[in-house]
Amino acid sequence: MLYVDPTREGFGAFAKAPLNGPLHMLNLLRLKEKATYEDGREATGREAYAAYGRESAPFFQKQGGTIMWRGKPFFPLIGPSTETWDLGFIAAYPSKEAFLGMVKDPGYQAIVYHRQAAVETSRLYAFAAVEGSGVFG
C-alpha cells in the first residue's frame, strides 16, 4: 500500500493527541521517478520534491520549524528489505500546534501539490521528547 497524505482519521487523532512541548517528525520518502502533476508538467520526483522544499520553506520557518538531521537511507537492517527510501529527515517544531499551523496555512496548502506529485510513498512519525540517560531505552 502507498502512503502520501495522512488519512482524515489519522490527522484528526493527531490533532487531538495530548502532545505538549517540542515535536520531532521523522520523514521517510520514496520519490517517483517521474512526478505526476495534474496539469501535465514534466519533472522528476526529485525535482518536484525540491520545488516543494523551496516553496514550503517560508511556512515551515514561520512556525519555527528546523531540520534537525537529514540523510540517505541505504540499507534496512531491521524491517522489510523491500521497504527502501530515497530520503530521510527529522523536522523539529516548537509544538504540535506549530506543525498544525503550517499544514493548515492556505499558502502551504496551495503548494503541497508538489509533494503529492513527487512522492510515491512515505512514512511520517511524530515524536515527543522523553528524558533519558544517554543509553538505549
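Residue numbers run from 1 in the order of the sequence given. Quick caveat, the model's predicted, so the values are computed rather than measured.
Atom NZ of Lys72 has more than 12 neighbouring heavy atoms from other residues, nucleotides or ligands inside a 6.0 Å radius. Around the CZ atom of Arg70, the shell of radius 6.0 Å holds no more than 12 heavy atoms that belong to other residues, nucleotides or ligands.
The CD atom of Gln109 sits 9.5 Å away from atom NZ of Lys104, with the distance rounded to the nearest 0.5 Å. One finds the CD atom of Glu9 at 5.0 Å from the OG1 atom of Thr7 (value rounded to the nearest 0.5 Å). The distance from atom CG of Leu26 to atom CZ of Phe127, rounded to the nearest 0.5 Å, is 5.5 Å. Between the CZ atom in Arg41 and the OG1 atom in Thr36 there is a gap of 11.5 Å [rounded to 0.5 Å]. We find the CG-CD distance between Leu31 and Glu47 to be 11.5 Å, quoted to the nearest 0.5 Å.
In terms of modelled atom types and a separation under 3.5 Å, the side chain of Asp5 and the main chain of Tyr3 share no donor-acceptor contact. Proximity of a side-chain donor or acceptor of Arg115 to a complementary backbone N or O of Val4 within less than 3.5 Å is detected. One N or O on the side chain of Lys96 and one on the backbone of Ala15 form a donor-acceptor pair closer than 3.5 Å.
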Apply side chain to side chain contact (heavy atoms under 4.5 Å, CB included) to residues Lys62 and Met102 and explain how you reach the verdict.
CA-CA 8 Å; Lys62 179 173 94 173; Met102 180 188 77; over 6 Å; no

Side chain to side chain contact (heavy atoms under 4.5 Å, CB included) between Trp85 and Thr121, intermediate numbers included
CA-CA 9 Å; Trp85 307 104; Thr121 193; 4.0 Å; yes

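Taking the six-membered ring where the residue is Trp, the centroids of Tyr52 and Tyr113 are separated by 6.0 Å or more. Aromatic rings of His114 and Tyr37 (six-membered ring for Trp) have centroids within the 6.0 Å cut-off, being under it.
Looking at heavy atoms from C-beta onward, Phe99 lies out of side-chain contact with Gln63 at the 4.5 angstrom threshold. Side-chain contact between Lys34 and Glu42: present, with at least one pair of heavy atoms (C-beta onward) separated by less than 4.5 Å. Proximity of Tyr125 to Met25: side-chain heavy atoms (C-beta onward) are nowhere separated by under 4.5 Å.
When hydrophobic clusters are built by joining Ile, Leu, Val, Met, Phe, Trp and Tyr residues whose side-chain heavy atoms come closer than 4.5 Å, directly or via intermediates, Leu19 is grouped together with Leu100. Hydrophobic clustering (side-chain heavy atoms under 4.5 Å, transitive across Ile, Leu, Val, Met, Phe, Trp, Tyr) groups Leu124 together with Leu87. Criterion: ILVMFWY side-chain heavy atoms under 4.5 Å apart, direct or through other members. Under it, Leu28 and Phe60 are not part of a common hydrophobic cluster. Taking hydrophobic clusters as Ile, Leu, Val, Met, Phe, Trp and Tyr residues chained together by side-chain heavy-atom distances below 4.5 Å, Phe11 shares a cluster with Val119. Residues Phe89 and Val103 fall within the same hydrophobic cluster, defined by Ile, Leu, Val, Met, Phe, Trp and Tyr side chains chained together at heavy-atom separations under 4.5 Å.
Counting all heavy atoms, side chain and backbone alike, Ala126 lies closest to Phe14 at CB-CE1, 3.7 Å. Closest approach of Trp69 and Gly88 over heavy atoms only: CZ3-O, 3.7 Å. Nearest heavy-atom pair, Ala118 versus Ala48, reported as atom, atom and distance to 0.1 Å: CB-CB, 3.6 Å. Ile67 and Ala91 get closest at one heavy-atom pair: CD1-CB, 4.1 Å. What you find for Gly64 and Pro94 is that their closest heavy atoms are O-CD, 3.6 Å.
Arg30 and Glu120 are joined by a salt bridge, as a carboxylate oxygen and a charged side-chain nitrogen come within less than 4.0 angstrom of each other.
Phe59 and Tyr108 have perpendicular rings, their planes meeting at more than 60° on a 0 to 90° scale where under 30° would count as parallel.
Using modelled atom types, one finds no donor on one side chain facing an acceptor on the other under 3.5 Å when comparing Ser56 with Arg54.
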